[in-house]
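The structure under discussion appears below in the form of structure tokens.
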Amino acid sequence: MADQAGGFFHGPPPTGLLSPPHSTASLSTAGSVLPFPRSSPLRSGSAKELAFRNYVDKHINAIQRKYAMKFSGEDNEADEMGGGIAVHERRTLMRPGHTAYVEAGYESFREVARDIEKVVEIVWVSGTPGLQIPYLLTLALLTVNYIPGFPAVPRTMFRLLDKLDTAFASLIQGKDIETGETLPGFLNRKGMSGTEKVRIKSLVERTRVTVVEVMSKGEYDVDVEQGQTEDEEDDDDMIDYDSGTDFDMEVARVYDKTLVELGDTLEGAAIGLPQFSHV
């Protein structure tokens, strides 16, 4: 069944995994703390782990499908009754005993980030490194691939990247970097493997360069987010979108916690960040 407009988390998460609340923040790190994970990891091969994988895979596939629809220019055939529905049109098709939601492709990075962020939080709640590491790598890859496809939405983009940064830095250390507590899945496990760290380093390098390139264009989508408070709207009014100067520090902080945790554990030159010119 296709997904309903305005986010696709309509079904309940797997038993034992509560969907974390969706947070809002003023710009970057404020309010970007990850939800508390389970007290113990999911047992490998268990029914709960299988249900979790199916749940996350379903929503990652939905993100990829909605992004592809942005460029396809084709009708969304979510249901055999749905022929002829325009891509930018949203309707609900119903028949006795069945409802099919027809969703248009993404129209802004805000929509992309909202969906990815929800999956990041669900994955983090699993408290299972064997699930967290590969799924977060996948979500980080989707993020860097999709950022250039839209005008920058700084508030949303930096918040999502900070969540990913906090997650990766914690997993590298095997401890929650904000509380210092050992993560549930690392009580009897060593930290990340060298291969996993190399993959993260590659994503960090690429993402930092991509953010610089996108911010250098000076094209910002500053529409108010759904559910944004009046105070947050005032914060948006105070941001100098024309010069981009308010974002210099945010750009420099992209994956900075992960960089610290990687430190000298990998050979190679330091991961630098070129400054972007303001438009």
* Asked: To the nearest 0.5 Å, what is the distance between CG (Leu171) and NZ (Lys197)?
  -> 11.5 Å
* Just jot down the side-chain hydrogen bond (donor to acceptor under 3.5 Å, both in side chains) partners of Thr258, sequence neighbours excluded, or say none. => Asp165
* Asked: What pair of heavy atoms forms the shortest contact from Thr182 to Leu187, and how long is it?
  -> CG2-CD2, 3.7 Å
* Any chain of hydrophobic side-chain contacts (each under 4.5 Å) joining Leu34 to Phe158? -> yes
* Structure fact -> To the nearest 0.5 Å, atom CG of Leu141 lies from atom CG of Leu203 at 5.5 Å
* Please name the pair of heavy atoms, one in Pro184 and one in Pro41, separated by the smallest distance, quoted to 0.1 Å. => O-CD, 3.9 Å
* **Candidate pair Met157 and Val112, rule side-chain contact (heavy atoms from CB on, under 4.5 Å), full reasoning** => CA-CA 10 Å; Met157 178 179 68; Val112 179; over 6 Å; no
* Structure fact -> Closest non-hydrogen atoms of Ala167 and Leu136, given as atom of the first, atom of the second and distance, are CB-CD1, 3.7 Å
* What pair of heavy atoms forms the shortest contact from Phe109 to Pro151, and how long is it? -> CB-O, 4.4 Å
* To do: Could you tell me whether the side chain of Thr207 reaches within less than 4.5 Å of the side chain of Thr143, counting heavy atoms only?
  => no
* Verify side-chain contact (heavy atoms from CB on, under 4.5 Å) between Glu261 and Met192, making sure each step is shown before the conclusion. => CA-CA 11 Å; Glu261 294 304 323; Met192 280 190 181; over 6 Å; no
* To do: Find the distance between OG1 (Thr210) and CG (Leu161) and round it off to the nearest 0.5 Å.
  => 10.0 Å
* Asked: What ring pair (Phe, Tyr, Trp, His ring centres under 6.0 Å) pairs are there with at least one residue in residues 126-147, not counting sequence neighbours?
  -> Tyr67-Tyr146
* Quick one: do Arg53 and Glu49 make a salt bridge, cutoff under 4.0 Å? -> yes
* Evaluate the side-chain proximity of Val204 to Phe168: yes if any heavy-atom separation is below 4.5 Å, no if none is. => no
* Asked: Should Val119 and Val56 count as side-chain neighbours, where that means a heavy-atom distance under 4.5 Å?
  -> yes
* Could you tell me whether the side chain of Gln173 reaches within less than 4.5 Å of the side chain of Leu183, counting heavy atoms only? => no
* To do: Indicate yes or no: at least one non-hydrogen side-chain atom of His59 is less than 4.5 angstrom from one of Ile122.
  => no
* Asked: Atom CG in Leu131, atom CG in Leu42: separation rounded to 0.5 Å?
  -> 6.0 Å
* Asked: Nearest heavy-atom pair of Asp221 and Ser108: which atoms, and what distance?
  -> OD2-CB, 3.5 Å
* Any chance you could lay out the salt bridge (Lys or Arg N to Asp or Glu O under 4.0 Å) test for Arg253 and Glu250, step after step, and finish with the verdict? => CA-CA 5 Å; Arg253 287 174 177 161; Glu250 303 299 331; 3.6 Å; yes
* Asked: Taking Thr128 for the side chain and Ser126 for the main chain, is one N or O donor matched with an acceptor at less than 3.5 Å?
  -> yes
* Worked verdict on Tyr220 versus Met215 for side-chain contact (heavy atoms from CB on, under 4.5 Å) -> CA-CA 8 Å; Tyr220 304 128; Met215 296 299 291; 3.6 Å; yes
* Can you measure from OG (Ser46) to CZ (Phe52) and round to the nearest 0.5 angstrom? => 11.0 Å
* **Closest non-hydrogen atom pair between Gly127 and Pro37, with its separation** => CA-CB, 4.0 Å
* **Student check: side-chain heavy atoms of Lys163 and Trp124 closer than 4.5 Å** => no
* Asked: Counting distance only, does the side-chain N/O of Ser202 pair as donor-acceptor with the main-chain N or O of Val198 below 3.5 Å?
  -> no
* Is a side-chain N or O of Asn61 found less than 3.5 angstrom from the main chain of Asp57, in a donor-acceptor match? -> yes
* Structure fact -> Across all chains, not counting sequence neighbours, the salt bridge (charged side-chain N to carboxylate O under 4.0 Å, His left out) partners of Glu196 are none
* What distance do Lys70 atom NZ and Tyr106 atom OH have between them, rounded to the nearest 0.5 Å? -> 12.5 Å
* **Criterion side-chain contact (heavy atoms from CB on, under 4.5 Å) on Leu259 and Arg208, from CA distance to verdict** => CA-CA 11 Å; Leu259 290 176; Arg208 286 167 67 87; 3.5 Å; yes
* State, yes or no, whether a side-chain contact exists between Arg114 and Thr156 at a heavy-atom distance under 4.5 Å. => no
